[in-house]
Amino acid sequence: MARILITSALPYINGVKHLGNLVGSQLPADVYARYMRARGHEVMFICATDEHGTPAELAAARAGKPVAEYCAEMHAVQKRLADGFGLSFDHFGRSSSARNHALTQHMARRLGEAGLIEVRTERQVYSVADGRFLPDRYIEGTCPNCGFERARGDQCEMCTKQLDPTDLINPRSAISGSTDLEVRETRHLYLRQSLLRDRLEAWIDSKTDWPVLTTSIARKWLRDGDGLQDRGITRDLEWGVPAQFPGAPWSGMEGKVFYVWFDAPIEYIAATAEWADAHGHPDAAWQRWWREDLGAGDVRYVQFMGKDNVPFHTLSFPATLMGANHDGTEPWKLVDYIKSFNWLTYEGGKFSTSQGRGVFMDQALEILPSDCWRWWLLANAPESGDADFTWTSFQSALNRDLADVLGNFVSRVTKFCSARFGEAVPAGGAWTEAEHGLARALDQRLAAYGALMEAMEIRKSAAELRAIWALGNEYLQAAAPWSAFKTDRDRAACIIRVALNLVRLNAVLSAPFIPATAQRILSALGCPDAGWPGAAAEALAALPPGSAFRVPENLFEKLSDARRAELEARFAGG
RNA sequence: GGGCCCGUAGCUCAACGGUCAGAGCAGACCGCUCAUAACGGUUUGGUUGCAGGUUCGAAUCCUGCCGGGCCUACCA
């Protein structure tokens with residue numbers, strides 16, 4: 001039995017996430033976690049809301065609420081949606097938790113003691129009307145290069161020129177529109193990650209099995225220009241982890257908080273501590289996942305994220321953990337494998353909150369059960385390149401894969417048995433070559449499925465799973481119990497007994513992808529407790545003759561053309 | 001500007017130096033009738049974006065070009 005630590009990128013707090021966000025980290029992480037648990041491994045699956053930063057403060061202001069209250073509410077919303085999608089986090093924490101405050105400050109102090117933090121004075125744009133410093137992209141003005149009037153302070157979207165906010169002509173606050181801006185001096189803490197450049201590069205180089213997408217982004221940052229740049233890790237904001245605290249090896253940081261990207265990854269650790277607290281466990285319970293000197297030596301740590309998160313997870317966060325262990329007394333667990341994803345687009349374009357374009361998590365659950373979404377999203381996860389959500393593709397996956405191939409198989413087997421033998425696994429008959437052939441085919445596919453799941457090949461795993469579902473229909477067609485029943489009742493009983501067991505096996509194997517449906521099947525079969533199969537021949541005999549079942553309601557309702565067209569129109573945005 | 005990824009059957013993708021380039025969907029034909037008119041089988045369909053090069057052999061490696069996407073460090 002292995003011990004596997006899994007973290008999914010933290011969803012940002014300022015609103016409900018769309019399907020692309022879901023499939024970019026949390027959903028595939030969930031599949032992996034469920035699979036590993038099913039294989040009997042000890043799993044710790046952690047996620048949390050990422051609650052700090054300028055957008056959170058602005059969203060709270062727009063909602064007319066104190067930011068703490070806003071975040072608490074949005075956390076509850078995201079928690080409810082995560083539950084709705086069956087995301088099986090061991091803990092869904094909050095980056096604003098007391099645990100994260102303490103741990104972030106602890107890490108910062110350790111980095112300070114290691115000489116990896118320095119105070120720098122810089123000049124930033126301050127908006128008097130908004131009462132806050134403005135990040136570059138929150139300043140708008142006319143592009144000095146092309147004359148575009150709504151250029152952002154970091155870059156002009158029209159001519160793509162990189163800008164400095166002070167380059168803009170007629171600059172104004174993107175928040176309030178105020179032109180009452182001034183450049184003020186402010187002091188910030190910088191993480192001197194450039195000092196760790198060589199160690200980070202050696203560490204990245206040692207990860208020969210990582211996806212190209214992951215390592216190429218990391219190398220780009222390590223080598224681009226003058227190499228890895230130091231990074232400001234504080235901001236002039238109200239809401240966050242205070243950068244000045246008792247024991248801090250610096251002064252003058254009053255009124256400032258740590259940068260959201262500094263404290264967010266630390267929340268992976270803090271959320272595990274939150275988990276321990278919630279279950280009344282001592283610190284040792286979470287430390288054995290995160291500290292190599294306290295039991296994490298045999299942990300395999302896997303992170304799931306969208307490609308935009310890669311620089312922070314391959315460089316800044318490892319630099320933080322390496323630096324915090326400068327004297328060898330705090331060996332924090334570094335990530336062993338990073339699974340990164342491309343983007344999901346919507347009908348050929350981008351998801352857009354402002355335009356109401358694309359499907360968001362709350363809307364999805366109102367339309368159809370979570371497993372329908374899980375299945376399409378996972379079977380089409382953006383692994384090798386961006387993937388595109390279309391209603392046509394979604395309809396096909398739902399109607400063909402789920403309703404016809406899987407759902408109808410369960411239906412035809414249970415109904416046939418119910419009508420001919422009653423609602424219990426029938427006895428009689430012995431295996432023939434047809435059953436042995438089925439078992440051999442299953443063994444092969446099971447091995448392939450397992451290998452793909454171990455490798456986190458999500459799409460390929462889904463395709464293999466679908467092929468396993470199809471084996472049931474092929475077997476029934478070849479064995480034809482409806483014919484056998486007329487001449488050889490025992491033969492038909494044997495076929496249906498095997499088929500009912502295959503229904504059970506399908507439920508077990510499908511659980512990582514469509515957990516709710518798997519549970520419905522298993523409970524209909526009266527065996528909610530189902531272990532991962534070994535040899536197919538044994539798995540096909542797990543339900544003994546006489547064991548009672550009931551015919552479940554149809555597992556999946558199909559999506560009609562009319563309904564599809566209606567949904568297409570509803571979410572087209574614009 | 002620089003960097004990275006992608007471009008394979010009508011559609012979505014697989015194959016990552018080696019038997020006729022595969023699968024699902026869509027299309028055609030045949031079969032079955034237990035089942036959500038569901039299922040099974042057969043089959044049509046590709047000068048692998050373009051042009052060169054390396055190699056006994058290239059979708060796969062190299063060069064250039066065309067097209068699409070992403071990143072480029074104060075959004076997260």
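Quick caveat: nothing in here was measured; it's all calculated off a predicted structure. Letters A, B, ... mirror the listed sequences (proteins, then strands); counts begin at 1.
Under the side chain to side chain donor-acceptor pair (under 3.5 Å) criterion, Thr104(A) pairs with Asn100(A), sequence neighbours left out. For Glu553(A), there are no salt bridge (Lys or Arg N to Asp or Glu O under 4.0 Å) partners two or more places apart in sequence or in a different chain. Remark: Lys220(A) pairs with Asp224(A) by the side chain to side chain contact (heavy atoms under 4.5 Å, CB included) rule, at least two apart or across chains. Take Arg94(A) and apply the salt bridge (Lys or Arg N to Asp or Glu O under 4.0 Å) test, not counting sequence neighbours, and it matches Glu51(A). For Lys558(A), the salt bridge (Lys or Arg N to Asp or Glu O under 4.0 Å) criterion is met by Asp404(A), not counting sequence neighbours. With sequence neighbours left out, Arg231(A) forms a side chain to side chain contact (heavy atoms under 4.5 Å, CB included) with Gln193(A), Trp221(A), Tyr259(A), Phe312(A), Ser316(A). Residues passing the side chain to side chain donor-acceptor pair (under 3.5 Å) test with Asp205(A), sequence neighbours excluded: Arg219(A).
For residues 459-474 of chain A, every residue pair satisfying the salt bridge (Lys or Arg N to Asp or Glu O under 4.0 Å) rule, not counting sequence neighbours, is listed here: Asp401(A)-Arg466(A), Arg445(A)-Glu464(A).
Residues from residues 120-128 of chain A with heavy atoms under 4.0 angstrom of RNA chain B, sorted by number: Glu122(A), Gln124(A). Contacts with RNA chain B (heavy atom under 4.0 Å) in residues 10-28 of chain A: Tyr12(A), listed by number.
For Val260(A), whose side chain is taken as the heavy atoms from C-beta onward, the closest listed nucleotide among rA76(B), rC75(B), rU12(B) is rA76(B).
When each of Arg400(A) and Arg412(A) is assigned the nucleotide of RNA chain B with its nearest heavy atom, Arg400(A) is the one assigned upstream, toward the 5' end.
Pairing analysis of RNA chain B (Watson-Crick: purine N1 to pyrimidine N3 plus N6-O4 or O6-N4; G-U wobble: N1-O2 and O6-N3; both under 3.5 Å) yields stems of 3 or more pairs at B:1-7 with B:66-72, B:10-13 with B:22-25, B:27-31 with B:39-43, B:49-53 with B:61-65.
Remark: ring of Trp482(A) stacked against base of rC34(B); centroid gap under 5.5 Å, plane tilt under 30°.
At a cut-off of 3.5 angstrom, counting only N and O atoms as typed in the model, there is no donor on one side facing an acceptor on the other between the side-chain of Trp221(A) and the base of rA73(B).
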Check: residues 493-501 of chain A side-chain donor-acceptor pairs under 3.5 Å, at least two apart:
from      : atom 1 : to        : atom 2 : distance (Å)
Arg497(A) : NH1    : Pro426(A) : O      : 3.0
Arg497(A) : NH1    : Gly428(A) : O      : 2.8
Arg497(A) : NH2    : Gly428(A) : O      : 3.1
Arg497(A) : NH2    : Gly429(A) : O      : 3.4
Asn501(A) : OD1    : Ala542(A) : N      : 3.1
Asn501(A) : OD1    : Leu543(A) : N      : 2.6
Asn501(A) : ND2    : Arg497(A) : O      : 2.9
Asn501(A) : ND2    : Leu540(A) : O      : 3.1
Asn501(A) : ND2    : Leu543(A) : O      : 3.3

Criterion ring pair (Phe, Tyr, Trp, His ring centres under 6.0 Å) on Phe409(A) and Tyr475(A), from CA distance to verdict: CA-CA 11 Å; Phe409(A) 176 70; Tyr475(A) 168 69; 8.6 Å; no
